[in-house]
Number of protein chains: 2
Amino acid sequence: MDLFLTGSSGLPIYRQLFDQLCAQILDGRLKSGDALPPIRAVAKELSISVIPVKRAWEELEAAGFIESFVGRGCFIAPMSAEKLQRLKASMAADKLSDAAAYCRSLGLSLAEAERLLSDAWASPGE
Amino acid sequence: MDLFLTGSSGLPIYRQLFDQLCAQILDGRLKSGDALPPIRAVAKELSISVIPVKRAWEELEAAGFIESFVGRGCFIAPMSAEKLQRLKASMAADKLSDAAAYCRSLGLSLAEAERLLSDAWASPGE
DNA sequence: GATATTGTGCATATTCAATGTACACAATAA
DNA sequence: TTATTGTGTACATTGAATATGCACAATATC
């Protein structure tokens with residue numbers, strides 16, 4: 001369970017954690033039934049309080065990604081491979097649709113946007 | 001000058017206004033020398049206080065997009081067509097790079113991402 | 001010069017993220 | 001059965017960011 005925080009992103013801690021867990025579930029690193037680390041352990045590891053961790057877990061539960069049980073822990077919720085696939089595609093589509101709308105509003109052509117996308121794909125770092 | 005606010009975006013008011021103005025300048029709807037409406041007028045139109053409007057204008061000024069003069073108003077700053085073009089490309093690249101990173105983190109291939117992008121391009125509405 | 005219009009600054013209220021601490025429930029060991 | 005440990009949960013508080021209202025200063029208009 002590798003989690004990290006970047007102060008530079010501007011996003012609140014609970015949001016960063018949510019995003020990372022979400023990604024790990026969607027890409028298969030975390031599977032149905034897997035136990036999440038206790039929120040205290042995560043908090044200690046990241047040198048933060050339990051609250052943002054708790055909140056991230058809460059939102060993951062509300063989104064149906066995990067289930068939590070008092071005294072036992074939190075676990076990745078069961079989800080069919082098909083649903084997982086559909087969710088993944090839909091979330092990626094949302095993000096790209098957003099970017100597409102933005103590029104269109106700037107007057108770019110689809111070809112230009114595709115060019116920029118593949119450029120970004122090649123050099124993820126910068 | 002059409003401006004609007006969406007409570008659903010989660011973004012602060014001043015940020016929404018900044019983004020919209022920015023887009024209108026970049027796509028040419030607003031040109032060098034054009035006068036912006038007085039911040040009070042915008043505030044009244046949107047039924048908000050002047051502060052978020054002021055702040056949006058401030059950040060636009062800091063970014064070099066507009067110039068403000070006490071008693072006279074605010075105006076789109078002069079900017080060469082080349083610079084405008086470069087800025088546009090760079091902002092589009094940022095947005096796409098972000099989306100690209102997200103899609104990669106989900107384990108998508110470039111081809112899949114490109115497919116989703118062109119789909120989104122075709123049907124902007126949904 | 002008088003007045004209206006414009007951007008600016010300051011004190012205040014509100015919202016939200018994060019902290020610390022105390023509580024409630026479940027599993028295990030004695 | 002009881003005590004202990006490990007787990008998620010709830011509450012009161014702090015601090016920062018956002019938004020409000022009103023007063024101020026500079027410019028334009030008459």
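Chain A is the first sequence line, chain B the second, and so forth, proteins listed ahead of strands; every chain is numbered from 1. Hydrogens, waters and symmetry mates are skipped; everything else that's a heavy atom, side chains included, is used.
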Report yes if a side-chain nitrogen or oxygen of A/Arg72 is closer than 4.0 Å to either non-bridging phosphate oxygen (OP1 or OP2) of C/dA27; otherwise report no.
yes
Respond yes when some side-chain nitrogen or oxygen of B/Lys54 is under 4.0 Å from OP1 or OP2 of C/dG7, and no when none is.
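Result: no.
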First-last contacting nucleotides on DNA chain D - partner chain B, under 4.0 angstrom, heavy atom:
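So the outermost contacting nucleotides come out as D/dT18 to D/dA28.
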Whether B/Ser32 side chain and B/Ile76 backbone form a donor-acceptor pair below 3.5 Å
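It does not hold such a pair.
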What residues, two or more places apart in sequence or in another chain, satisfy side chain to side chain donor-acceptor pair (under 3.5 Å) together with [X]?
{"X": "A/Arg29", "value": "A/Asp27"}
{"X": "B/Lys88", "value": "none"}
{"X": "B/Ser109", "value": "B/Glu112"}
{"X": "B/Asp19", "value": "B/Arg15"}

Less than 4.5 Å apart, any side-chain heavy atom of A/Asp2 and any of A/Phe4?
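No, their side chains stay 4.5 Å or more apart.
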Taking the side chain as C-beta and beyond, is there a heavy-atom pair between B/Leu3 and B/Leu21 under 4.5 Å?
yes
Say you draw a straight line from CG of B/Leu84 to NZ of B/Lys31; how long is it, rounded to the nearest 0.5 Å?
11.0 Å
Distance-only donor-acceptor hits, side chain of residues 37-50 of chain B, under 3.5 Å, sequence neighbours excluded:
unit_1, atom_1, unit_2, atom_2, d
B/Ser49, OG, B/Ile51, N, 3.2

Does any pair with a residue in residues 50-69 of chain B pass side-chain hydrogen bond (donor to acceptor under 3.5 Å, both in side chains), and if so which ones, sequence neighbours excluded?
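The answer is B/Tyr14-B/Arg55, B/Lys54-B/Glu58, B/Arg55-B/Glu59, B/Glu61-B/Ser68.
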Quick check on DNA chain D: between A/Gly73 and A/Glu58, whose nearest nucleotide comes earlier from the 5' end?
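Between the two, 5'-proximity favours A/Gly73.
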For DNA chain C, what residues of residues 61-69 of chain B have any heavy atom nearer than 4.0 Å?
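Contacting residues: B/Ser68, B/Phe69.
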Using side chain to side chain contact (heavy atoms under 4.5 Å, CB included) as the criterion, point out the one residue from B/Leu30, B/Asp34, B/Leu87 that pairs with B/Ile25.
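Of the listed residues B/Leu30, B/Asp34, B/Leu87, the side chain to side chain contact (heavy atoms under 4.5 Å, CB included) partner of B/Ile25 is B/Leu30.
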Contact check, residues 35-51 of chain A vs DNA chain D, heavy-atom distance under 4.0 Å, returns A/Pro38, A/Ile39, A/Arg40
Among residues 10-19 of chain B, which residues get a heavy atom nearer than 4.0 Å to DNA chain D?
B/Pro12, B/Ile13, B/Tyr14
Run the side-chain contact (heavy atoms from CB on, under 4.5 Å) test against A/Ala92 and tell me which residues pass, sequence neighbours left out.
B/Cys103, B/Leu106, B/Leu108, B/Leu116
Members other than B/Phe75 in its cluster, when Ile, Leu, Val, Met, Phe, Trp, Tyr link by side-chain heavy atoms under 4.5 Å?
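Result for B/Phe75 is B/Phe69.
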